[in-house]
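Dropping a structure here in structure tokens format, bear with me for questions.
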Protein chains: 2
Amino acid sequence: MENNPVISESYRVNGQDLDRGKLVAETIDDLRRIFQAISDFSRHAERATGLTGSQLWAVKVIFESSSIRVSDLSRRMYLHPATVVGIIDRLELQGLVQRIRSTKDRRVVDVELTAKGNKLVEIAPDVAQSLLVRGLEEMTDECLTSVQEGMSSFAEILGVKGAAPRLILSNEVNIA
Amino acid sequence: MENNPVISESYRVNGQDLDRGKLVAETIDDLRRIFQAISDFSRHAERATGLTGSQLWAVKVIFESSSIRVSDLSRRMYLHPATVVGIIDRLELQGLVQRIRSTKDRRVVDVELTAKGNKLVEIAPDVAQSLLVRGLEEMTDECLTSVQEGMSSFAEILGVKGAAPRLILSNEVNIA
DNA sequence: TACAATTAATTTGCATATCAAATAATTTTG
DNA sequence: CAAAATTATTTGATATGCAAATTAATTGTA
């Protein structure tokens with residue numbers, strides 16, 4: 001069902017014809033499918049924990065830092081401070097996180113996981129992550145190497161090779 | 001990257017070899033970065049068109065089919081009918097789509113793009129898509145082949161190789 | 001044919017997410 | 001000390017998203 005306006009041309013390489021257009025189209029389709037799989041599994045995690053995607057994301061980020069200011073959390077999540085305040089409110093209502101006013105600078109509020117929050121993080125299926133790990137670990141060495149090189153080149157070409165890898169959680173996602 | 005005698009090591013050791021672990025971790029980090037890039041560019045597209053992600057997604061799906069029933073649109077978008085009705089309402093208010101009651105079955109409503117909607121689709125940067133296409137087309141043949149094989153294996157292992165590739169548009173996305 | 005069941009879209013009600021702008025409290029700076 | 005900047009929050013507005021109820025039309029069947 002693709003309307004990929006991909007120019008399909010054959011190039012002569014090393015005496016072989018290579019339909020680059022087809023390769024590009026197939027690669028993009030596969031990438032879409034991978035997104036889809038991750039999307040599905042993330043959704044599953046959300047259902048399993050009873051949290052929304054944003055809430056789960058916040059919990060994971062807080063867990064990573066063990067304690068984090070509201071402003072840093074909003075920066076890490078690329079969300080407006082007002083938005084994360086709302087998310088924290090709802091997580092606090094569920095007894096998963098805890099606000100602690102800093103004594104050093106009384107303007108700042110540190111957010112931590114409660115015992116209940118920590119328990120949830122442990123239980124929460126690291127769906128996408130574990131799915132990917134399991135998938136990659138099942139590969140043969142040659143295959144794994146190929147995937148790794150491919151991903152690496154791809155990241156490089158997209159200009160994000162050096163960047164700090166950001167978390168991924170799905171709602172709807174869309175290469176259009 | 002050199003291929004050390006990893007192969008001879010990896011089946012000796014109880015499954016988990018240090019080199020393989022590193023490869024897996026790097027691959028997942030790269031995948032995250034790729035998500036991130038797509039995410040950023042999708043966001044850009046949303047800003048450029050003035051539409052939200054869901055609206056843009058709907059417009060693209062409608063465009064693909066040229067005319068689509070509300071129920072089919074909701075199926076294609078994996079959203080509740082009530083949700084897409086709201087989205088269509090807002091797109092209609094902006095004069096981008098048009099509802100047409102079917103004459104064959106007066107229960108169904110077909111949704112089409114207006115002239116304005118079609119113009120928007122053309123102008124709308126196919127950000128992620130074009131980004132990926134451009135990136136892949138810049139690769140050498142060897143590299144492109146490697147990426148393609150890698151993606152293909154990955155999709156296969158995730159069990160989505162045969163699936164119809166779903167669109168991807170970002171809000172927040174999260175491998176956690 | 002009439003009437004029940006089904007189907008398609010919509011409406012209503014509710015919770016969440018998201019941003020921008022304004023506000024309050026608290027440093028920091030000049 | 002007064003002005004400026006920072007931190008979190010509140011307020012107000014719009015969008016998403018689902019479930020349940022509703023309306024209209026079609027299909028199946030007694």
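First the proteins, then the strands, lettered A, B, ... as listed; each starts at 1.
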- request: Please report, rounded to the nearest Å, how far the P atom of C:dA17 is from the CG atom of A:Leu73.
  value: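 Nearest whole value for this atom pair: 13 Å.
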Short side-chain N/O contact to C:dT10 OP1/OP2 from B:Arg99, under 4.0 Å: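 True: B:Arg99 side-chain N/O within range (under 4.0 Å) of C:dT10 OP1/OP2.
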field: pair A:Ile88-A:Leu73: side-chain heavy atoms closer than 4.5 Å
entry: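 Touching, per the 4.5 Å side-chain cut-off.
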message: Distance check needed: C:dA8 P versus B:Ile68 CD1, whole Å only.
response: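 Answer to the nearest Å: 14 Å.
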task: Taking side chain to side chain contact (heavy atoms under 4.5 Å, CB included) as the test, write out the residues that go with A:Arg106, two or more places apart.
output: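 Partners of A:Arg106 by the side chain to side chain contact (heavy atoms under 4.5 Å, CB included) criterion come out as none, since no residue qualifies.
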query: With a 4.5 Å heavy-atom cut-off, do B:Glu112 and B:Ile100 have their side chains touching?
result: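 Answer yes - side chains close enough.
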message: I need the CG-P distance between A:Leu79 and C:dA17, as an integer number of Å.
response: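 My rounded result for the distance is 10 Å.
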query: If you check every side-chain atom of B:Thr52, which of D:dA8, D:dA15, C:dA17 has the closest atom?
result: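 Of the options given, the side chain of B:Thr52 lies nearest D:dA15.
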field: Validation row: B:Asp72, B:Arg75 side chains within 4.5 angstrom (heavy atoms)
entry: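 Heavy-atom side-chain distance check passes, below 4.5 Å.
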- request: Find the distance B:Arg69:CZ to C:dT10:P and express it as a whole number of Å.
  value: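 Atom-to-atom, B:Arg69 to C:dT10, this comes out as 12 Å.
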field: Residues in salt bridge (charged side-chain N to carboxylate O under 4.0 Å, His left out) contact with B:Glu92, at least two apart in sequence or another chain
entry: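 Checked B:Glu92 against salt bridge (charged side-chain N to carboxylate O under 4.0 Å, His left out); matches are B:Arg99.
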query: What is the distance, rounded to the nearest whole Å, between atom CD of B:Glu92 and atom C1' of C:dT10?
result: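 Computing the B:Glu92:CD to C:dT10:C1' distance gives 13 Å.
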- request: May I ask you to verify if any side-chain N or O of B:Ser54 is less than 4.0 angstrom from the OP1 or OP2 atom of D:dA15?
  value: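 Answer no for this pair, as no side-chain N or O of B:Ser54 is under 4.0 Å from OP1 or OP2.
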Side-chain heavy-atom pair A:Ser102, A:Arg69 within 4.5 angstrom cut-off: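 Sidechains of A:Arg69 and A:Ser102: no contact.
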task: May I have the distance from B:His80 (atom NE2) to C:dT10 (atom P), rounded to whole angstrom?
output: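 Computing the B:His80:NE2 to C:dT10:P distance gives 13 Å.
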Contact check, side chains of B:Leu79 and B:Ile87, non-hydrogen atoms, under 4.5 Å: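 Sidechains of B:Ile87 and B:Leu79: in contact.
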- request: For A:Lys119, enumerate each residue passing the side chain to side chain contact (heavy atoms under 4.5 Å, CB included) test, keeping only those at least two apart in sequence or located in another chain.
  value: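 With neighbours one apart ignored, the set is A:Ile123.
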task: Measure from the side-chain heavy atoms of A:Gln55 and tell me the nearest of C:dT10, C:dA17, D:dA15.
output: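 For A:Gln55, the side-chain atoms sit closest to C:dA17.
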query: What does nucleotides 25-30 of chain C look like as a protein-contact string, B for base, S for sugar-phosphate only, - for none, at under 4.0 angstrom between heavy atoms?
result: BBS---
field: Atom-to-atom span, CH2 of B:Trp57 to P of D:dT16 - whole angstrom
entry: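 Answer to the nearest Å: 12 Å.
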message: Do A:Leu96 and A:Leu113 have side chains that approach each other closer than 4.5 Å (heavy atoms only, starting at C-beta)?
response: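 They are not in contact (no side-chain heavy atoms under 4.5 Å apart), so the answer is no.
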Measure all distances between protein nitrogen or oxygen atoms and nitrogen or oxygen atoms of nucleotides 21-23 of chain D, and list the pairs falling under 3.5 Å.
none

task: State whether the side chain of A:Thr114 and the backbone N or O of A:Gly95 hold a donor-acceptor pair below 3.5 Å, judged by distance alone.
output: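 Here the side-chain-to-backbone pair exists.
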field: Sorted by number, the residues of residues 81-91 of chain A with heavy-atom contact under 4.0 Å to DNA chain D
entry: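 A:Pro81, A:Ala82, A:Val85, in order of number.
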- prompt: Is the shortest heavy-atom distance from the side chain of B:Arg101 to the side chain of B:Asp110 under 4.5 Å?
  reply: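 They are not in side-chain contact.
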